[in-house]
S.K.: 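I am attaching a structure below and will ask some questions about it afterwards.
Index from 1, following the sequence. Quantities reported herein were computed from a predicted structural model and do not represent experimental measurements.
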Amino acid sequence: MKKGFRERPKIFLGIIIFCGYLLSVMTLFGRINPISIAFIGGLSGADCLAAFVGASVGFVTRGDFTQAVPFIISAAVVCVLRIILSRSKSTAADIGSSVLCGSAVLLTNAITTDKPSELLTVFVLGVVSGVSCYSFSSFRKKFKKGIGPAALNPVKMIPYALTAVFLLAAMSGLSYGIFNLGAVVSSLLVLISAYRFRFGGGSLAGIICALGLAASDNGLAFAGIAMAAGAVMGSVVAPKGRLPLAAAFVLTTALSGAFFGMDRTMLAFMADTVIGSVIFAALPLKEIMGIFVGRSLPGKFNDSPTEVFAGRLELVGNTMGELRYAVEKTAEALDESTDRDITNVYNSACDKVCRNCRFNMKCWGEEYNDSVRLMNGFLRSLRKGESLTPDNFSGALGLRCQRKQQLCDSINKKYDDFTAAGQMSRRIKEMRGILTKQLENTEKLFNSISEEFGRNVSYNSEAAFKTERLLERCGLAYPKAAAKMCDGNMIIEAYGSGELSCTAEELGDMLIDTLQREFDLPCILQFGKKVRVTAFERAEYGVKSAVCQLSRKKDTVNGDYVTGCIDGSGYYYSIVSDGMGSGTRARIDSAFACGLLTKLLESGIGVEAAIDMLNTSLMVKSSDESFATLDVCRVDLYTGKTTIYKAGGADSFVRSGKTVTKIHGTGLPVGVSGNASVSSHSFIVGEDDVIIMTSDGADLSEKWLEQAFSKDSGGNVEELVKSVAGAARFNCEKGKEDDISVVAIQIKK
């Protein structure tokens, strides 16, 4: 506790004390504000004690010390128990604190009331305190991780909305002269929400504020409705700027208020909206918005540079798309202009040989049709693979022609040139198709990276700085790090030169000590003289995997290749590839496919974009056919969402509980055609679920696997893959054996 007070900025503790005091002097439904005790229960450590001090001062200065004593005692009990519970950072501790706050407020109000008719109000106050306590506790955690309310799921926002309603209702009980605190704060909240989130945010804030004002005891129900109307109109005008937004809000609220009648309360309310609008216009909204979405807290910075970088990547992607379009259009124009008429074979040859012949006009004038029929016969012979000789001549031209051998040689040469040009044209067209596909894949790659940078995430510059200093101590020169906050989890990505002087396990332990967060084992990638280090906060799930491979023949190389990796975003990948045929040549193709795909995935490229790039790479890898089947299983270690991608791969199986489900893939192996054919199947896995991936050599059925799983009740995946591979080898038809690979992936929490 002493350490907490020393580390906390004094101004921060002062703000908490003031908030505790302010909440305690408010009333709700004519009784002491229950949110004051909820505020204590929603904090931890030194903050909790500071809130208790502020609330106690407020209870005492209210004027009725006797009435304040039970609430001071309740607040003290909540404070002590909350400090004890705050050692546990689990959701259960937060729920326990919420129940404690609700119960304390319920019992205290029940003791201090002597009217049975107020028991319903007492119960509502207890519920309000419990919900508010949970909201404060949950928001405190998310706020520390750099996530504001904008990133919350709509269903999860319900406790925050309810807390806001009753907090505004309590604020409406405080007036300073003609100005009402609840009305001023409501106006400010509506304007900020409309400015930042446009129609959706302004409308939601308007509804919350209207309910809060209506729930107060000072007759502001109609004023709340007028404010909701002003919020809607303000949201429409918000894109025009702050001043038009404030003007539209005040004007619409005034007109709506006039509809209900301009009495003294409504006039005072209009003054409150004007004050709220003036404050809104004067506030440094850029900093306020940053705090609201968790981007401008101490140790954080604005996302403008990353958004600019995302825009630049998108521009590069579009440029690649335009380049691909230009290549395609130029190719179409060249194809149209290229003369591919086969009759030019004999036309050009005859022009050259027959030009100075004295029978030229006879053969190619009077007997033109007969000569063309003879030449077309020559072409038919050439297409059959025969070479022309003087014996192929017939008819009058054959009897008359004195240059038969010379003409045959010329036509043979022209035909060879024609077929060679055709083969070259087809090869160029094929390579052009691969080039345009690569350009398309590059466009997708840049756009996918742009989308990643453009997502609504925040960055912790303090954590990045600490990581850079740590990597410098570990041997990297000029390290640069980024600490990204995504869905409340920290993801570290860093680059530097040289070599790390520690292992991944040691670096992981040092990251945990330095950043005070639980990280999984860092991924270290060496490329050239550079090092890339990625680490993500410890995920919900882990993976236990096992592999068994059997070659087609004893003492030969298995043509399948199996590998696995984890990228820097918390995705686990298991990859199985089956090269064409078996043995060494198949092993080369499958190893190439797995190795390149692993590099692409570890670099942060999406699965489908990576497979597209791998597909075109296999097509140009060698002059011979080079293709391989591909099975990729991706598991999101944070959520359990699993996707299996198949490009000509064998069936996979998923064991969930006692049920085994077969996943059948479609499409061709990678490297067969210019467009990769990939099917995908997504599902959610739970703890102890098992995924079986196989190569083409293993022919399995769901019923047999169910029996195998029932025998393997202990969950020994190593023994399971051996049993499955052995059974697959036993069931192979004689003479049709193939390399067998079986991979088992078991999900663990």
Side-chain angles (χ1 to χ4, degrees), residues 541-550 558-564 571-578 590 594 607 611 628-637 639-667 669 677-733 736-749:
Y541 296 94
V543 169
K544 182 180 180 182
S545 64
V547 179
C548 182
Q549 292 186 284
L550 302 176
N558 192 308
D560 305 334
Y561 198 90
V562 178
T563 187
Y571 287 108
Y572 171 82
Y573 296 91
S574 179
I575 307 170
V576 179
S577 181
D578 184 357
S590 60
C594 285
V607 179
I611 292 176
T629 65
L630 204 62
D631 269 297
V632 181
C633 176
R634 184 183 73 178
V635 182
D636 187 334
L637 299 178
T639 64
K641 182 179 180 181
T642 301
T643 304
I644 293 181
Y645 301 88
K646 288 185 175 291
D651 294 336
S652 298
F653 302 86
V654 180
R655 193 282 305 271
S656 181
K658 295 183 179 180
T659 305
V660 176
T661 305
K662 179 167 72 174
I663 296 177
H664 178 68
T666 57
S677 177
V678 182
S679 62
S680 62
H681 309 266
S682 297
F683 49 90
I684 301 293
V685 295
E687 187 175 13
D688 291 331
D689 286 354
V690 178
I691 300 166
I692 297 288
M693 303 171 69
T694 66
S695 61
D696 288 336
D699 186 13
L700 306 172
S701 67
E702 297 99 313
K703 289 186 178 179
W704 187 89
L705 277 174
E706 286 177 2
Q707 295 176 358
F709 279 123
S710 64
K711 294 177 183 177
D712 182 48
S713 57
N716 190 333
V717 290
E718 289 83 1
E719 293 300 323
L720 178 64
V721 292
K722 291 178 183 178
S723 174
V724 171
R729 169 64 77 219
F730 180 79
N731 292 330
C732 279
E733 188 177 340
K736 295 185 178 181
E737 296 90 350
D738 196 1
D739 296 324
I740 292 175
S741 294
V742 179
V743 180
I745 305 165
Q746 187 175 30
I747 311 302
K748 290 287 187 183
K749 278 193 176 182

S.K.: Are the side chains of Asn558 and Ser741 in touch, meaning some heavy atoms are under 4.5 Å apart?
M.R.: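 Answer yes - side chains close enough.
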S.K.: Without swapping roles, check the side chain of Thr642 against the backbone of Gly640 for a donor-acceptor pair under 3.5 Å.
M.R.: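 Checking the backbone N and O of Gly640 against the side chain of Thr642, a donor-acceptor pair under 3.5 Å is found.
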S.K.: Going by heavy atoms in the side chains, are Val632 and Tyr573 under 4.5 Å from each other?
M.R.: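 Yes, their side chains come closer than 4.5 Å.
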S.K.: Taking the side chain as everything from C-beta on, heavy atoms only, tell me whether Thr661 gets closer than 4.5 Å to Phe683.
M.R.: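 SC-SC contact between Thr661 and Phe683 ruled out.
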S.K.: Could you walk me through whether Arg655 and Asp689 pass the salt bridge (Lys or Arg N to Asp or Glu O under 4.0 Å) test, one step at a time?
M.R.: CA-CA 6 Å; Arg655 193 282 305 271; Asp689 286 354; 5.3 Å; no
S.K.: When you measure from the side chain of Thr563 to the backbone of Ile575, do you find a donor-acceptor pair of N or O atoms at a distance under 3.5 Å?
M.R.: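 Looks like no, no N/O pair under 3.5 Å.
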S.K.: Without swapping roles, check the side chain of Thr694 against the backbone of Asp651 for a donor-acceptor pair under 3.5 Å.
M.R.: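 Yes, the answer is positive, given that a donor and an acceptor are paired below the 3.5 Å cut-off.
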S.K.: Would you say the side-chain atoms of Asp578 pair up with the backbone N or O of Asp560, donor to acceptor, closer than 3.5 Å?
M.R.: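 No, because the side chain of Asp578 does not come within donor-acceptor range (under 3.5 Å) of the backbone of Asp560.
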S.K.: side-chain contact (heavy atoms from CB on, under 4.5 Å) between Asp636 and Tyr541: does it pass, once the steps are laid out?
M.R.: CA-CA 8 Å; Asp636 187 334; Tyr541 296 94; over 6 Å; no
S.K.: Apply the test side-chain contact (heavy atoms from CB on, under 4.5 Å) to residues Val685 and Ile745: give CA-CA distance (whole Å), side-chain angles for both, the deciding distance (0.1 Å), then the verdict.
M.R.: CA-CA 11 Å; Val685 295; Ile745 305 165; over 6 Å; no
S.K.: Do Ser577 side-chain atoms and Thr629 backbone N/O form a donor-acceptor pair below 3.5 Å?
M.R.: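 At least one qualifying donor-acceptor pair exists.
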S.K.: Any chance OH of Tyr561 has more than 12 other-residue heavy atoms, nucleotides or ligands included, within less than 6.0 Å?
M.R.: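 Atom OH in Tyr561 is not packed in, count stays at 12 or less.
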S.K.: Is there a donor-acceptor contact under 3.5 Å from the side chain of Lys646 to the main chain of Ala650?
M.R.: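 At least one qualifying donor-acceptor pair exists.
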